[in-house]
Amino acid sequence: MPSGVHESCHLTQFTDLGLAEPLLRSIKDEGYTDPTPIQAAVIPKVLEGRDLMGIAQTGTGKTAAFVLPVLSRIKELEITPKRAGCTALILAPTRELAAQIADSIRIYGRYMKPAVAVVVGGVKHNPQIRQMAPGVDVLVATPGRLLDHMGTGTIRLDGTSVIVLDEGDQMLDLGFMPAIRQVMNALPKKRQTMLFSATMPDQIRSLARDFLVNPAEVAVAAVSKPIDRIQQRVIHLPHSEKKAMLSKLMADPDIDRTIVFTRTKRGADRVSEGLVKAGFGAAAIHGNKSQNQRERALRDFKEGRTTILVATDIAARGIDIDDVSHVFNFELPNIPEAYVHRIGRTARAGRSGVAISFCDGTERQYLKDIEKLTNLTIEAEGTPQPFEKPPAPGANRNRGGSRPQVKANNQSKPTGGRRQDESGKPRRPRRRKRPAPAQ
Ligand code: AMP
């Protein structure tokens, strides 16, 4: 937790919040002394049964902020799920985040033993159907696969009384908005709805307007503002020099655990291969990897067997890895909000962090967009490259590279909506309208 923020809420204690006793016990087991600001603000509201709009990034303790009161209500109200149904539904953008939320539910619910199911793409349907058949207390799902099950009648939502939409802006960026709206329309009218998002683009605002009733609003960090403790730098250089520069910087002994971001899956593979060739322990994680490969890469990274994780935005979303000392943007993201998410992987839990971005000629506009969004001028080195148009959709950035295009995409995908770069077809998204700055 950022220490300054944490201190501001030292008067609230977990025992003041009204949580069921078994949850207080597991919180104690976890060693949490005080609720984080978002927990102190959100938990009482959710326990009252209110709808909630939460503006918060990962790393603020927001998972516990919704998991704890949801479990508490299930326990106190003694709600039992319907067959093939769930009492509470949590929607998350990626498989990794869904698995992580389910882990948190099991940890916090240690003394309650709630029935939990995870329904995500990229794995078989049948085990999920079997798991869901008797009904579960909490279902954590990605929107695409959930819709598949709803379509075949293997999951029903008519008995669901709580819905949490986590990382709303990321689900929007992944094109999940039509799927989310379909899910919301299938839920009973009488229910509790929570929406969490790190930023508030227009479509998230309108989702809140359409589906939340008189929501309590909680914001814990300035919207879209990178954490002040992160030292940010940008290095201007031609694309062809990025690999060598990355290897050079990686030799810095201050670098401990690092995430290197690329815009595309193929880019992640190439950068990871280059680092391994240069003698570094690196692994790539993205949507073309099997679930097992992703889990192994994450485990190796978390347990320190590899010190460099090369990731696309989608794969890295919401992953809670502590002690990341440096974030590298091998390629700048074309969606400026993604920059904020990426660099937020470092400087967790009160530590400081370093974010170094590479910027070639095609990325100058992306850098401008980021500086506009964050209202910062990022300290720059090197010679700014002449402005170039970003690569055309599907263009191969790997000058001289000839690896075949990988077709499979295990990322659970919505049926409609805009594609991300990571789907293999880079496409500059429509710019979101931003309100004009106050005069
Ligand atoms: P989240 O924002 O949900 O990704 O949580 C970030 C990290 O904070 C996780 O590793 C949690 O285990 C940890 N955490 C959550 N609540 C607390 C708390 N009250 N005190 C200390 N750490 C916490």
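FYI, side chains are in, hydrogens and waters are out, and symmetry mates aren't considered; it's all heavy atoms of this structure. When a ligand or atom number is given, it counts from 1 through the structure's own listing order.
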With Ser197 via side chain to side chain contact (heavy atoms under 4.5 Å, CB included) - residues at least two apart: Met53, Asp169, Ile204

Atom indices of ligand 1 within 4.0 angstrom of Phe14 heavy atoms, with elements: 19 (N)

Ion pair Asp51/Lys45, N-O distance below 4.0 Å: no

ring-ring contact (aromatic ring centres under 6.0 Å, His included): pairs with one or both residues in residues 57-89, sequence neighbours excluded: Phe66-Phe196

Asp369 versus Tyr339, side-chain donor and acceptor atoms under 3.5 Å: no

Carboxylate-amine/guanidinium proximity below 4.0 Å for Glu167 and Lys62: yes

Location of contacts on Asp34 toward ligand 1, heavy atoms closer than 4.0 Å: backbone

Per atom 3 (O) of ligand 1, closest listed option by heavy atom (Asp103, Thr63, Ile101, Leu68): Thr63

Interfacing atoms of ligand 1 (cut-off 4.0 Å, heavy-atom, Gly61): 1 (P), 2 (O), 3 (O), 5 (O), 15 (C)

Region of Gln39 engaging ligand 1 - heavy atom pairs below 4.0 Å: side chain

